[in-house]
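In what follows, every chain begins at residue 1, and chains take the letters A, B, ... in the order their sequences are listed. Predicted model, so just to flag it, every value in this text is computed and none were measured.
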Protein chains: 2
Amino acid sequence: MDSSLDSIFSALSDPTRRAILQRLAHGKATVAELADPFELSQPAISKHLKVLEQAGLIRSGREATSRPRELQPDALKKISDWIGDYRRFWDQSFDRLDGYLSKVQGYEDDKSED
Amino acid sequence: MDSSLDSIFSALSDPTRRAILQRLAHGKATVAELADPFELSQPAISKHLKVLEQAGLIRSGREATSRPRELQPDALKKISDWIGDYRRFWDQSFDRLDGYLSKVQGYEDDKSED
DNA sequence: CGGCTATATAGCTGAATGGTGATATATGGA
DNA sequence: TCCATATATCACCATTCAGCTATATAGCCG
């Protein structure tokens, strides 16, 4: 498991993987259920799930012979927090520049990831 | 210019590019200024900037012989909105599941990107 | 136990990515 | 006009990635 900003953003850059997350927003699902909407092979889906899991976006359980997946919100929260630092650039309620520069010190800030 | 969720997330998956964005959060900067903190070649930085620009995360101007870059918040807002759909999974104030399923209809939702 | 079902892993391939040094282009100033 | 400076582009290489088919593993059920 990595769960760095690198791997989270990378995992989210694929539309198949985002679609899988959207499906999981409805609740737990088996690999077969997750694969169903796509014209991809089963191993391709398993690979996507592995990427999502290693990024910390989902986790897998065990139920008889199936291994249902479910959302794990921590990773999404993490990038949400990252984006939060930039919210002032588009959000009116964050539009006061004053006092902002004291919070963001430089490009080194980004290194504070796990 | 692409500016799809694919290209935005993909652009953000590189730590050098996120560091560049962080630097640009302080304000406009030239390519030389952006390249300075890194041990990468100038062409490498230009390539990163191209990726960021094609994702719609930054834009370039012209000032004498330099081409200063600046943040373009639209793309960040776009993924912030995307993440917003999942906020209920970690945010207490969004913890009421009721009425949520009427908003998220399925994986096809994700196709509503430009 | 033996086989069926669900899923994972292995090994391969082609395309994309990130880096390099060399070179091209554009603009302001002497 | 010609040069210096700033930046972009070219051609190349190594690595990563997304897909495939074939095969292996794990757990339930007869």
Side-chain angles (χ1 to χ4, degrees), chain A residues 1-21 23-24 27-70 107 110, chain B residues 1-21 23-24 27-70 72 107 110-111:
Chain A
M1 241 171 296
D2 186 343
S3 204
S4 64
L5 287 176
D6 277 27
S7 55
I8 299 170
F9 278 125
S10 180
L12 293 177
S13 73
D14 184 283
T16 300
R17 288 192 289 259
R18 289 197 307 277
I20 289 173
L21 288 184
R23 168 64 185 78
L24 290 177
K28 212 185 289 192
T30 68
V31 175
E33 285 164 349
L34 292 171
D36 186 57
F38 302 100
E39 291 190 343
L40 296 177
S41 66
Q42 172 262 315
I45 300 295
S46 279
K47 241 190 206 178
H48 281 306
L49 293 173
K50 195 172 195 176
V51 171
L52 288 169
E53 184 160 12
Q54 286 180 338
L57 286 158
I58 66 174
R59 62 200 200 90
S60 35
R62 171 69 86 175
E63 258 168 46
T65 68
S66 84
R67 302 175 82 170
R69 304 309 207 275
E70 60 185 339
Y107 78 96
D110 197 38
Chain B
M1 239 170 297
D2 187 344
S3 205
S4 64
L5 288 174
D6 278 27
S7 54
I8 299 170
F9 279 125
S10 179
L12 293 176
S13 73
D14 184 283
T16 301
R17 289 193 288 259
R18 289 197 306 278
I20 289 174
L21 288 184
R23 169 63 185 78
L24 289 178
K28 213 185 290 192
T30 68
V31 174
E33 285 165 351
L34 293 171
D36 187 57
F38 303 101
E39 290 190 346
L40 296 177
S41 66
Q42 172 262 316
I45 300 294
S46 280
K47 246 189 203 178
H48 281 305
L49 293 173
K50 196 171 194 175
V51 171
L52 287 170
E53 184 160 13
Q54 287 181 335
L57 286 158
I58 65 173
R59 61 199 201 91
S60 37
R62 172 68 87 174
E63 258 169 46
T65 69
S66 84
R67 303 176 83 169
R69 303 310 207 276
E70 61 185 340
Q72 211 175 15
Y107 79 97
D110 198 39
K111 294 205 176 146

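Regarding B:D6, its CG atom lies at a distance of 14 Å from the C1' atom of D:dC17, rounded to whole Å. Computed from coordinates, the B:F9 CZ to D:dC17 C1' distance equals 19 Å when rounded to whole Å. Whole-Å rounding puts the A:L52 CG to D:dA18 P distance at 10 Å. To the nearest angstrom, P of D:dA18 lies 11 Å from CD1 of A:I20. As a whole-Å value, the separation of A:I45 CD1 from D:dC20 C1' is 13 Å. In this entry the distance linking CG of B:D14 with C1' of C:dA16 reads 14 Å, nearest Å. As a whole-Å value, the separation of B:R18 CZ from C:dG18 P is 12 Å. Straight-line distance from the CD atom of B:Q54 to the P atom of C:dG18: 12 Å, rounded to whole Å.
Remark: the backbone N or O of B:L12 is paired with a side-chain donor or acceptor of B:R18 at under 3.5 angstrom. Not a single donor-acceptor pair under 3.5 Å links the side chain of A:R67 to the backbone N or O of A:T65. Put simply, the side chain of B:R69 never gets that close to the backbone of B:A29: no donor and acceptor are under 3.5 Å apart.
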Problem - Steps toward side chain to side chain contact (heavy atoms under 4.5 Å, CB included) verdict (A:L40, A:H48) - result: CA-CA 11 Å; A:L40 296 177; A:H48 281 306; 4.2 Å; yes
Practice task
Test A:S10 against A:S7 for side-chain hydrogen bond (donor to acceptor under 3.5 Å, both in side chains), laying out the working first.
Solution key: CA-CA 5 Å; A:S10 180; A:S7 55; over 6 Å; no
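Contacts of A:L49 with the nucleic acid, taken as non-hydrogen atoms under 4.0 Å apart, are absent. The residue A:K50 sits close only to the backbone: its heavy atoms come under 4.0 Å of sugar-phosphate atoms, none of a base.
Side chains of A:P15 and B:L5 form no contact here, defined as non-hydrogen atoms less than 4.5 Å apart. Looking at B:P43 and B:K47, their side chains never come closer than 4.5 Å, going by heavy atoms from C-beta outward.
At C:dG19, one or more side-chain N or O atoms of B:H48 fall inside 4.0 Å of OP1 or OP2 (strictly under the cut-off). For D:dA8, one of the phosphate oxygens OP1 or OP2 lies less than 4.0 angstrom from a side-chain nitrogen or oxygen of B:R69.
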Which protein N or O atoms sit under 3.5 Å from an N or O of nucleotides 21-30 of chain D?
none

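Checking D:dT7, C:dG19, D:dA18 against every side-chain atom of B:V31, the shortest atom distance belongs to D:dT7.
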